[in-house]
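These notes concern the structure reproduced below.
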Amino acid sequence: MAKEITPREEDYSKWYIDIVKKAGLADNSAVRGCMVIKPYGFAIWENMQRELDRMFKETGHQNAYFPLFIPKSFLSKEAEHVEGFAKECAVVTHHRLMNDPDGKGVVVDPSAKLEEELIVRPTSETIIWNTYKDWIKSYRDLPLLINQWANVVRWEMRTRLFLRTAEFLWQEGHTAHATRQEAIEEAQQMQRVYATFAEEFMAMPVIQGAKSANERFAGAEDTLTIEALMQDGKALQAGTSHFLGQNFAKAFDVKFSNQNNKEEYVWATSWGVSTRLVGGLIMTHSDDDGLVLPPRLAPIQVVIVPIPKPNGEINEVAESLMDELKAKGISVKYDQDKKKRPGFKFAEYEMMGVPVRVGIGKRDLENGVVEVARRDTKEKSQVALEGLADNIQQLLEDIQNNLLSRAKAYRAEHTTEVNTFDEFKDVLANKGGFISAHWDGTSETEQKIKELTKATIRCIPNDAVEEAGKCVFSGNPSTKRVLFAMAY
RNA sequence: CGGGGCGUGGCGCAGUCCGGUUAGCGCACCUGGUUUGGGACCAGGGGGUCGCAGGUUCGAAUCCUGCCGCCCCGACCA
């Protein structure tokens, strides 16, 4: 593990890459735009998955799995949808290789051309709705509440580890409902689930809101979003939940008989979060010494370091502490590596973002204490052996809470109300963060602001207060403020 | 797709301009020893078709031609 991390002040983007690589989360792979998620990074994702999966099931959803490949013709059935994704699709055209006639490796066998090309799924609405056609006949089959954990491929022009990769892991929920209202409520419910997850587990505060028409998912009537603010003042779309109306039902002819034996198209939602959340996690909490992880998602919550090295007495104390912590459901590692000295280990676990470090040395033990260091503030204190496990459990909760309140404070400081376009540009250039401003509701205005400043409307917040105002750009009347920001 | 950069042991790099014995350095790794309360030190050791393919030359990591790949910055997007 390397020593140096580029400071955030110097180059935030470089800092981010350093953290990802040096904390052992992921690497670039031999494949353009695709990353290798390393064990430590994957463990974080698994922790996210576990909690999300639990929350999905608690809200009545079941997991299923649909194919990686989508026949090309499916994609074109929903006009807006195909337009939105056509430019970034990987396409399978052949199914066989053969030896190169020139004797150099293998080449695609031209005789193995597919009748119909297959698209590597960029998202699964089409293949799923084609299946739902067979599953849904009656109102008794509704609602259908399905989630899938999968990989998808979007051939992006430019990629960044976790934040935007050509292949990424995610979950996508796809639900079918008998009424418009029920589908809207489902989309809203999942937005709340995402927001709860982000705040309670990632300690990442998010704004819940709706996307403007420009930013809406291809094929959706309404896109709900959770938007987080990163340390560099840029916004991150952390999860979306779409109300799809009857668009896909009509495209795939999915109808049900209602209680009066009348046929109706079903109403749909889809919603997803991805490995991008790992990127958001990093950019919400971490510092120039490395990763900072919220205890609830940390693969290792507590690390015990023997000082200077393991011995009988230290092992005894460490092992009994481990037993107590494990009994409380806390994941703990005792680092008995004799080759590395304590200082090296301290730096290494700080790099990895382990929330709590316990140092046990003979000098401390003589006084009946150990050294407890917290990663979020880097504070160290002497803590009595008596009641140690309880104290650590409490400390983990404190860290979790502190990270959230710290992130909330940052966001509050970096959310600015502006009333003129000059102010708007000034805040964007010099302060960053969310800009709360009146907008006249037109795509044209949004487009022009984007062209002039590169900032976009991140969302129209759910809790926006009704107030009379004038659009920051056009001066036309507006009834509420929306949030603008530079975005990832 | 534009702009920039890079490709040399696992990782990070030097060497390339100006061709010349055996391709070097740091980290990591292996062995032994001394150390050990914030990234230890000494000694010894292993590991390389210098991105690929041609060409020039007595001789190519280095010069020429052509490919390929990746990264970073921007436009597009989760």
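Just so you know, these numbers use all the heavy atoms, side chains as well, and skip hydrogens, waters and symmetry mates. Note on naming: letters A, B, ... go to the chains in the order of the sequence lines (proteins, then strands), and numbering restarts at 1 for each one.
- In terms of position along RNA chain B, the nucleotide closest to A/K14 lies nearer the 5' end than the nucleotide closest to the other residue of the pair A/K14 and A/T165.
- Side-chain atoms of A/E350 stay outside donor-acceptor range of the base of B/G39, with no qualifying N/O pair under 3.5 Å.
- For A/N28, a side-chain nitrogen or oxygen approaches OP1 or OP2 of B/C71 to under 4.0 Å.
- With B/C70, B/U36, B/A78 as the candidates, the nucleotide lying closest to the side chain of A/R341 is B/U36.
- Residue A/K339 has its side chain nearest to B/U31 when only B/A78, B/U31, B/G37 are considered.
- Taking the centre of each ring, A/F421 and A/F424 come in below the 6.0 Å mark.
- Distances shown here put a side-chain N or O of A/R158 below 4.0 Å from the OP1 or OP2 atom of B/G74.
- Checking A/A166 against A/R160, the closest nucleotide of RNA chain B that is more toward the 5' end is the one next to A/R160.
- For A/F346, the listed nucleotide lying nearest its side chain is B/G38; candidates were B/A78, B/G38, B/C70.
- A/K21 places its NZ atom 11 Å from the C1' atom of B/C72, with the value rounded to the nearest Å.
- B/C68 and B/U56: their C1' atoms are spaced 23 Å apart (whole Å).
- Taking 4.0 angstrom as the limit, A/K211 places none of its side-chain polar atoms (N or O) nearer than this to OP1 or OP2 of B/A78.
- Atom-to-atom, CE of A/M486 to C1' of B/C73 comes out at 13 Å; the value is rounded to the nearest Å.
- In terms of polar N and O atoms assigned as donor or acceptor, the side chain of A/K309 never comes within less than 3.5 Å of the base of B/G37 in a complementary pairing.
- A/S13 has no side-chain polar atom (N or O) that falls below the 4.0 Å cut-off from OP1 or OP2 of B/C72.
- The side chain of A/R164 has B/A78 as its nearest neighbour among B/C71, B/G38, B/A78.
- Ring geometry for A/H414 versus A/Y410: interplanar angle under 30°, hence parallel rather than tilted (30 to 60°).
- A/W439 places a side-chain heavy atom less than 4.5 Å from the side chain of A/I460.
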Stepwise ring pair (Phe, Tyr, Trp, His ring centres under 6.0 Å) check, A/H61 with A/W271: CA-CA 12 Å; A/H61 303 87; A/W271 28 274; 4.8 Å; yes
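- Nearest nucleotide to the side chain of A/M157, out of B/G37, B/A75, B/C72: B/A75.
- Closest approach to the A/E156 side chain among B/C72, B/G74, B/A78 is made by B/A78 (side chain taken as heavy atoms from C-beta onward).
- Residue A/M351 places its side chain closer to B/G39 than to any other of B/G39, B/C73, B/G37.
- Comparing B/C77, B/G37, B/U36 against the side chain of A/P308 picks out B/U36 as the nearest.
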